[in-house]
Amino acid sequence: MRIDGTAEVKVIFEESVSGRKGYSLPDLDVPAQELDQLLPLELLRQQAPVLPEVSEVDVIRHFTRLSERNHGVDSGFYPLGSCTMKYNPKINEDVAVLAGFQSIHPYQPESSCQGALEVLFDLEKCLCAITGMDAFTLQPAAGAHGELTGLMLIKAYHHHRGQLDQKREVIVPDSAHGTNPASAALCGFKVVEVPSDARGNVDVAALRQVVGPQTAALMLTNPNTLGLFEEHIEEIAQLIHEAGGLLYYDGANANAILGVTRPGDMGFDVVHLNLHKTFAAPHGGGGPGSGPVGVKKDLIPFLPVPRVIQEAEGYRFDFDFPQSIGKVKAYYGNFLVALKAYTYIRQMGPSGLKAVAENAVLNANYLMEQLKEYYDLPYQRRCMHEFVLSGARQKEYGVKTLDLAKGLLDYGIHAPTIYFPLIVEEALMIEPTETESKATLDQFIALMIKMAQEAIESPEKLHQAPQRLPVRRLDEAGAARNPDLKWS
Amino acid sequence: MHYIPNTPQDQAEMLATLGVSTVQELFGEIPESLRLRAELDLPPALAEPEVFKLLRSLAAQNDNAEDVSLFLGAGTYDHYIPSAVKHILGRSEFYTAYTPYQAEISQGTLQAIYEYQTMICNLTGMDVANASMYDGATAMVEGVLMAGAITKRTKVVLPASVHPEYRQVLHTYLALQGWELATQIDRDTAAVVVQYPNFFGQVDTSILALAEQVHAQGALLIVVANPIALGLLKPPGEFGADIVCGEGQVLGNPMGFGGPHLGYLACRTEYMRRLPGRIVGATKDLEGTKGYVLTLQTREQHIRRQKATSNICSNQALNALAATVYLSLMGPTGLRKVATDSTQKAHYLYERLLEIEGVTPGLPGPFFHEFTVQVAADPEELNQRLIEYGIIGGLPLKRFYPELANQILFCVTERRAKEELDYLAQVLEGLL
């Protein structure tokens, strides 16, 4: 509650006072000409755009207040499965605001940006070493963009072998992230879904039924979205390759495999990574990300241009790849995000990255072990960096997974990913990451156990959650039925 | 490693709970044949002061616009970013948050996006804006794909005056789906795309009559607009645009060697359900308090999978926040001043350069804050020489237009002081 008695934060437009200003710019220092002498009068705006007229203090208070209504990794535990909400080291932020990185233009002469080119070149090498691939492009802006790029490369590969007419299908497991089928469809492929087996692996027998000469690729996440390692990956790779298809690795979340195993060694031909997950660049409230794509040598000719190469005189961009798919984004990718990932990799080194995988997997298994008595665990196996519980037992008492999620919010803990993957009823997907301590995990376990008891003893408490946040449960159906998408 | 809090004691206790004696046992389901035997082939770990020193030395190898005079534009612009923008962007409640799926704990991000959507609509004259796209190029691509879905047609008219990289990206995407690039509008045209101001910085009144021609053929008009210019120029909504998109980097985001930037995408209400990506809507909670949620999600990949309007998931939320803070600070008068001062200074430089022997006019017509001139020298060699004087010159157009081999595209923003413009003219005079 504020001094004006409202719980709501006004929209910034409502703070506007005519004539108030929040900027300071120098007076024009060249002789002013009449604007209609410079630009056609008919093209000049007749009415100023409606924007807030507020002071700098107003702006700072407004957005600070909004920030207080947000939960980030720095605010508290954020076990959002498949999102790898690890701590984002502060040094990375300091590096990314250096003028030598922030205030450089993508078209300035290569001789004047050798440091930036070296970052791109070295990062590509590091990602190759981590994944076992032969080359990377840093151009894709996010994970889904990387998927699309990877599928474009696969399409180009089949095209250049004269087999594209035949290679029409992309196989996607039923546990896959929604971007997988969406990217395949955008790329013009037919999506074929393959079920999971009782252990949570791809059902190899079912896969055999759908693999054939029409198979362009199989998209696989490993560990998969259940947090389980695909035990038959070598057999699957052989199956796909024998059919002339390629194996695509959705490496959005590669925390569990760092220094332990590599997609390149598992038989994958194309890989994308999310630098904003595994490599500690922050998520920014939904972006910017960075989704580099790595390939085996047969696919190198198709990578987007330009590529950075090293010569005796230094680094330069090379555009001369006639078989390239072209460009998927203007310029060279989300450079400042890639820079944070590069800083992280250099600070962690091989030993640090391996420790990431070990502690991420240890933390996840520890949580799973302590919680499986209180919640259903659909797959009784070792998990990797995350695991999926089911709230089916709580649902019998009328408490849905959504209620459990909202209950956690009241304790300053972000909810796990819920209702995903789709193949688990009332799914709760939990990923603690390596940057949480045992003490935090123990608190979370105690809270989850308390909620499991509440679900039985006083389910209405969870139905009422959240109660301690700026807003109670919001009417999402109403928002979609009567869209109010801008202030007026 | 100081980002991993578990001590050996913690690890031992956790392993005991799990009934195993080593962490390696937890990886037992990974086939032996796939386990790495050796360490990753990476440079050894560095301590924080070492890594900062390394990165600072790499940064120092780049000439940056704080230290040199930059005259490049071509889609990425060096406008002043107020300190207040940087301080709000530094609030880790914003930058360390994920996508606001849990609305009640993400009201800050959600309300900021709602304000952003409003500002984009007000600048462009559109009814609905989404929460952001990757960049200007991909926003334009999504606009074209939208037009294809709306008109059920697969032909697009795309003039050479649209940013060459945007055209390249569109080409990459359209090659996937059997689209055709055309030069004439006809009954098969899904959309006509124009850039405003165009890649060469020009504005042309013919744009005012374009919508009528486009709509007469049942096609949509897509305008790729620079939002700074929209502080001064007529919004595309007023001359019949159906979709407006473009690059929002100019609104409080650094150039950053080309990314992360900010794609924006807006349209008329009738096309709202075809708009890709995240959209925030205002609603009420169960006590009637106003709040914000992600809405119209049945368009999106996490619900619709292969039937979604796009595969986009992560966008450029933090860059959109920067744009929102920037526009809040600038307001209508500040934005107009940035646009006007950039225009005035660009024209001042244009006239100064034309006084030099060896510099002649490039493409004719009125321009905003970028212009082309022809030089009696190799533009790339000229740029190499300018670096010695602490100047990063304009873009040699032959990079994209071989027929414009001796032309340079110069940009002047409000950040360039008159002395810098005079100095550029003076140095060029000596070199030509």
Side-chain angles (χ1 to χ4, degrees), chain A residues 22-23 29-30 48 50 53 63 66-67 69-74 95 98-100 102-103 105-106 112-115 129 141-142 144 178 181-183 185 188 191 229 261 284-289 326-327 330-331 334-336 347 349-350 352 358 366 437-438 469 471-472 474 479 484 486-487, chain B residues 1 5 10 14 23 29 39-41 45 51 55 58-59 61-66 72 88 91-93 96-97 99 104-105 107-109 118 122 134 137 165 168 172 254 256-260 281-283 285 291 295 301-302 305-306 308 311 313-318 329 331-332 334 348 418:
Chain A
Y23 64 91
D29 57 358
V30 299
V50 178
E53 293 182 76
F63 289 100
L66 288 188
S67 75
R69 310 183 136 215
N70 239 31
H71 180 92
V73 175
D74 288 2
V95 167
L98 291 171
Q102 193 168 254
S103 300
H105 192 284
S112 71
C113 54
Q114 285 292 301
S183 299
V191 177
F229 195 86
T261 181
K327 291 189 70 73
Y331 317 119
N334 281 342
F335 172 73
L336 297 176
Q347 199 179 358
E358 290 175 347
Y366 180 71
S437 66
K438 178 174 177 292
L469 292 172
V471 288
R472 304 282 306 277
L474 291 155
D484 170 0
K486 65 170 185 181
W487 180 85
Chain B
M1 179 39 70
D10 290 331
M14 292 161 85
V23 175
E29 293 189 0
E39 270 200 337
L40 290 172
D41 184 16
V51 81
L55 271 297
L58 288 168
Q61 293 174 35
N62 306 321
D63 290 337
N64 73 77
E66 307 300 324
L72 277 168
I88 293 300
R91 298 283 307 189
S92 70
E93 298 91 335
T96 71
T99 303
E104 299 85 353
I105 205 165
Q107 284 297 297
T109 294
T118 306
N122 293 354
Y134 305 134
E165 293 215 31
Q168 286 171 6
T172 306
F257 206 42
T283 188
D285 75 0
T295 193
Q301 48 73 29
H302 60 285
R305 299 177 78 86
Q306 61 263 40
N311 72 328
C313 185
S314 280
N315 53 27
Q316 307 285 122
L318 200 67
L329 290 163
Y348 174 81
K418 179 171 175 292

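Protein chains get the first letters and strands the later ones, always in sequence-line order, with residue 1 at the start of each.
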Atom of B:Tyr134, atom of A:Ala142 and distance for their closest heavy-atom approach: CE2-CB, 3.7 Å

Flag, side chain of B:Asn122 to backbone of A:Val50, donor-acceptor distance under 3.5 Å: yes

Closest approach of A:Ala182 to B:Arg305 (non-hydrogen atoms, all atoms of both residues): CB-O, 3.4 Å

Over all atoms of both residues, closest heavy-atom pair of B:Glu93 and A:Ser67: CB-O, 3.1 Å

Check: B:Asn62 side chain, A:Gly115 main-chain N or O, donor-acceptor pair, under 3.5 Å: yes

Region of A:Leu98 in contact with chain B, defined by heavy-atom distances below 4.5 Å: side chain

Part of B:Thr172 within contact of chain A (heavy atom distance under 4.5 Å): both

Closest-packed option against chain A by number of heavy-atom pairs under 4.5 Å, given B:Leu55, B:Ile88, B:Ile105: B:Ile105

Heavy-atom contact with chain A under 4.5 Å, split by part of B:Ala137: side chain

Spacing of B:Gln61 atom CD and A:Cys113 atom SG [to the nearest 0.5 Å]: 10.5 Å

Winner by heavy-atom pair count (cut-off under 4.5 Å) against chain A, out of B:Thr118, B:Thr109, B:Val23: B:Thr118

Closest-packed option against chain B by number of heavy-atom pairs under 4.5 Å, given A:Gly352, A:Ala479, A:Ala48, A:Ala185: A:Ala479

Minimal non-hydrogen separation, B:Glu165 against A:Tyr331, with atom names: OE1-N, 2.8 Å

A:Arg472 bridged to B:Glu104 by N-O distance under 4.0 Å: no

Between A:Ser103 and B:Asn64, a side-chain donor and acceptor under 3.5 Å: no

Residues A:Asp74 and B:Ser92: side-chain donor-acceptor under 3.5 angstrom: yes

Closest non-hydrogen atom pair between B:Gln316 and A:Gly289, with its separation: OE1-N, 4.5 Å

Under 3.5 Å: donor-acceptor pair, side chain of A:Asn334, backbone of B:Gly259: no

Heavy-atom donor-acceptor pair, A:Asp484 side chain to B:Gly281 backbone, under 3.5 Å: no

For chain B, the option from A:Gly178, A:Gly286, A:Ala129, A:Gly188 that forms the most heavy-atom pairs under 4.5 Å: A:Gly286

Residue pair B:Ala317 / A:Gly284: nearest heavy atoms and the distance that separates them: CB-O, 3.5 Å

Contact winner vs chain B - A:Gly326, A:Pro288, A:Gly22, heavy-atom pairs under 4.5 Å: A:Pro288

Partner chain B: residue of A:Ala99, A:Ala330, A:Gly285 with the largest heavy-atom pair count (under 4.5 Å): A:Gly285

Contact leader toward chain B among A:Gln102, A:Gln114, A:Gln347, where contacts are heavy-atom pairs under 4.5 Å: A:Gln347

Exam field: side chain B:Asp10 to backbone A:Lys438, donor-acceptor pair closer than 3.5 Å: no

Residue, of B:Gln168, B:Glu66, B:Glu29, that accumulates the most heavy atom pairs under 4.5 Å with chain A: B:Glu29

Side chain to side chain contact (heavy atoms under 4.5 Å, CB included) evaluation trace for B:Gln107 with A:Leu474: CA-CA 11 Å; B:Gln107 284 297 297; A:Leu474 291 155; 3.4 Å; yes

Choice from B:Pro332, B:Gly291, B:Gly331 maximising heavy atom contacts with chain A below 4.5 Å: B:Pro332

Residues that A:Arg69 engages under side chain to side chain donor-acceptor pair (under 3.5 Å), provided they are two or more places apart: none

Greatest number of heavy atom pairs closer than 4.5 Å to chain A - which of B:Asp63, B:Asp41, B:Thr295: B:Asp63

